[in-house]
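Input: a single structure, listed below in structure tokens.
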Amino acid sequence: MENFKDPKKINDSELADAMTVCLLENDPMEEIFALNLGDFLCEHLISSEFAHKIGDKVKTKNERLKDQLLELISIYSIDSTLSILGFDSNEDYIIYNSIAKTIKLMLSLDECVIYLARKDEPIKLAGASSEVVKKDVNLNIIKSYENEEVIMLNENNKQVIIFPMKNKFECIGAIETVRDLSRPLEADFIDLLKITAGLFVTSLGIQKLIEQVKRVVDIETVSTSELLNLRAQLTSIIGDLGDKQQAFVEKLAVAVDLKGKYKNNHSRRTAELSREICRFLKLNEKTTDLIYYAGLLQNIGKITLEDELLNKKGKLTTDEWDKLQEHPNAGVNLLMNINFMSEVVPYIHYQKERWDGLGKPEGLGGFSIPFGSRIIAVADAYCALTEDRPHREALSDNDAFEILRQESAIKWDPNVVNALIEMKSKAE
């Protein structure tokens with residue numbers, strides 16, 4: 001192979017350069033980067049071009065560390081997957097107002113206010129879901145921030161809950177929610193807000209670390225120990241972000257089911273069945289994970305609909321029916337504001353398409369529909385058929401299979417229907 005030479009033909013200069021490659025001892029992280037980059041943190045974290053570059057070129061320890069740091073920050077930049085809600089404006093108040101408005105809409109709050117404490121400055125108002133909001137930072141906001149604790153209050157027939165914006169590294173502020181006391185915030189929504197607050201502060205923490213990395217890699221005389229320390233901090237906080245992202249998606253799915261009045265964890269059942277089908281079809285792990293997340297969030301649009309519409313017992317008007325039918329589009333708009341989940345958007349967006357091309361939103365048909373969307377559609381239909389609904393009891397597997405067979409190649413991908421039935425039959 002061209003990268004290996006006869007030891008007898010290596011000159012002194014080449015030998016010195018080769019020795020710099022052997023700086024892997026006592027640095028397991030270096031080995032991960034150099035030898036197993038494809039599986040580091042996530043499947044696409046390090047590009048193959050970057051792996052080839054550092055594997056084939058002889059560089060100093062510091063040069064390789066700088067390359068690794070630059071590769072990491074190019075992936076986790078504010079323009080790609082960093083921001084929890086994906087706002088790219090440089091105007092802070094626009095960002096935080098938008099986040100507050102999104103949280104208010106998602107959880108049917110009366111008000112949402114975000115407070116932040118910048119370094120060496122007192123905590124202050126950063127954004128709000130409405131134009132008219134109190135400007136003073138009261139003692140409860142300060143207490144929640146300083147003690148890193150959730151505070152629940154009843155004020156003027158309103159339930160007020162203050163969530164510290166913290167993770168295992170730091171606390172940077174607080175989120176205040178207000179709801180009418182007659183309909184207090186559900187426990188699952190409270191959990192979602194705790195996770196959201198943690199995810200947000202972790203995202204901001206990565207951004208601050210990225211700015212520090214950019215400054216340090218431009219310094220020619222920076223020490224190896226400082227670069228190693230930065231890499232350790234960055235990989236640690238990225239791992240923490242990944243854990244929080246998964247928890248956020250799973251808790252958001254619970255909130256969707258709660259608001260949609262599903263009593264059978266419909267989103268989770270659909271997601272888990274979609275994942276089983278993916279594994280039965282031997283799809284790769286990355287695709288399987290994305291389809292699982294899309295299954296969890298397929299009904300996310302319902303979290304943005306009015307409670308009155310979701311809970312209406314009587315006949316829906318044409319306009320109300322259109323709103324309910326179009327919920328995947330609302331979900332897509334919401335998901336596009338969550339950059340780290342952007343890859344699942346196509347699977348959700350096209351989930352209501354039909355095999356015969358008569359579905360929504362684009363009228364795609366057959367193999368033009370993304371495979372993930374076809375898998376989720378079949379899993380969703382099966383789960384709906386085998387769950388109790390207000391107008392009927394749950395169907396048996398055989399009855400559900402018969403309906404799926406009848407509509408195979410009309411509504412559903414026949415290959416996915418056959419895979420589901422074969423998979424379920426083998427499991428019996």
Side-chain angles (χ1 to χ4, degrees), residues 188 250 253-283 287-303 310-316 321 324-325 327-328 331 344 347-348 350-360 365-367 369-428:
D188 285 316
E250 291 178 346
V254 172
V256 170
D257 281 354
L258 178 64
K259 191 164 184 179
K261 303 303 177 184
Y262 290 119
K263 297 180 179 179
N264 303 291
N265 293 320
H266 176 80
S267 296
R268 182 170 290 280
R269 289 189 69 224
T270 299
E272 290 177 349
L273 181 58
S274 298
R275 183 162 57 186
E276 289 177 29
I277 295 172
C278 289
R279 289 172 176 168
F280 184 79
L281 294 172
K282 294 181 170 52
L283 302 188
T287 300
T288 297
D289 286 345
L290 291 175
I291 292 174
Y292 170 72
Y293 286 140
L296 281 174
L297 298 177
Q298 54 156 330
N299 287 309
I300 191 175
K302 290 190 175 181
I303 207 166
L310 290 171
N311 300 332
K312 186 173 181 179
K313 301 296 183 183
K315 185 177 180 180
L316 296 179
W321 182 252
L324 199 58
Q325 286 293 94
H327 73 78
V344 310
Y347 297 145
I348 296 175
Y350 297 110
Q351 186 236 331
K352 295 298 181 183
E353 300 286 4
R354 291 166 47 120
W355 185 259
D356 61 10
L358 299 179
K360 293 183 178 183
F367 295 108
I369 306 169
F371 196 26
S373 302
R374 287 179 267 145
I375 290 173
I376 295 167
V378 171
D380 180 51
Y382 170 83
C383 290
L385 290 169
T386 55
E387 292 170 358
D388 287 329
R389 292 298 168 92
H391 58 282
R392 61 158 175 79
E393 293 183 351
L395 302 181
S396 67
D397 271 3
N398 287 336
D399 289 340
F401 292 158
E402 184 58 31
I403 291 175
L404 291 174
R405 285 193 188 96
Q406 291 173 5
E407 297 180 334
S408 177
I410 300 173
K411 288 184 177 180
W412 326 117
D413 180 343
N415 299 309
V416 178
V417 171
N418 292 338
L420 170 64
I421 295 173
E422 183 182 351
M423 180 183 75
K424 288 289 185 180
S425 299
K426 287 185 176 180
E428 292 178 356

Closer than 3.5 angstrom, by distance alone: can the side chain of N418 be matched with the main-chain N or O of P414 as a donor-acceptor pair?
yes
State whether the side chain of S274 and the backbone N or O of T270 hold a donor-acceptor pair below 3.5 Å, judged by distance alone.
yes
So, taking the atom named CG in L385 and the one named CG in D397, what distance separates them when rounded to the nearest 0.5 Å?
10.5 Å
Partners meeting side-chain hydrogen bond (donor to acceptor under 3.5 Å, both in side chains) with R275 (sequence neighbours left out):
none
Do E276 and L420 have side chains that get closer than 4.5 Å, going by heavy atoms?
no
For D356, which residues count as a salt bridge (charged side-chain N to carboxylate O under 4.0 Å, His left out) partner, sequence neighbours excluded?
R354
Measure the shortest side-chain to side-chain distance between R268 and Y292 over non-hydrogen atoms and say whether it is less than 4.5 angstrom.
yes
Please identify each residue that fulfils side-chain hydrogen bond (donor to acceptor under 3.5 Å, both in side chains) with E402, with sequence neighbours left out.
Q406
With sequence neighbours excluded, what pairs up with F367 under the side-chain contact (heavy atoms from CB on, under 4.5 Å) test?
W355, R374, N415
Heavy atoms only: give me the nearest R269-C383 pair and the separation to one decimal.
NH1-O, 3.4 Å
Taking the side chain as every heavy atom from C-beta outward, state whether I291 and I277 have any atom pair closer than 4.5 Å.
no
Going by the rule side-chain hydrogen bond (donor to acceptor under 3.5 Å, both in side chains), which residues pair with Y347 if we only count those two or more places apart in sequence or in a different chain?
none
Rounding to 0.5 Å, atoms CG (L281) and CD1 (I375) come to a distance of 5.5 Å
Name all residues meeting the salt bridge (charged side-chain N to carboxylate O under 4.0 Å, His left out) criterion together with E407; count only those two or more places apart in sequence or in a different chain, and write none if there are none.
K411
Heavy-atom side-chain contact between K424 and F280 under 4.5 Å
no
For residues T287 and F371, determine if any side-chain heavy atom of one lies less than 4.5 Å from a side-chain heavy atom of the other.
no
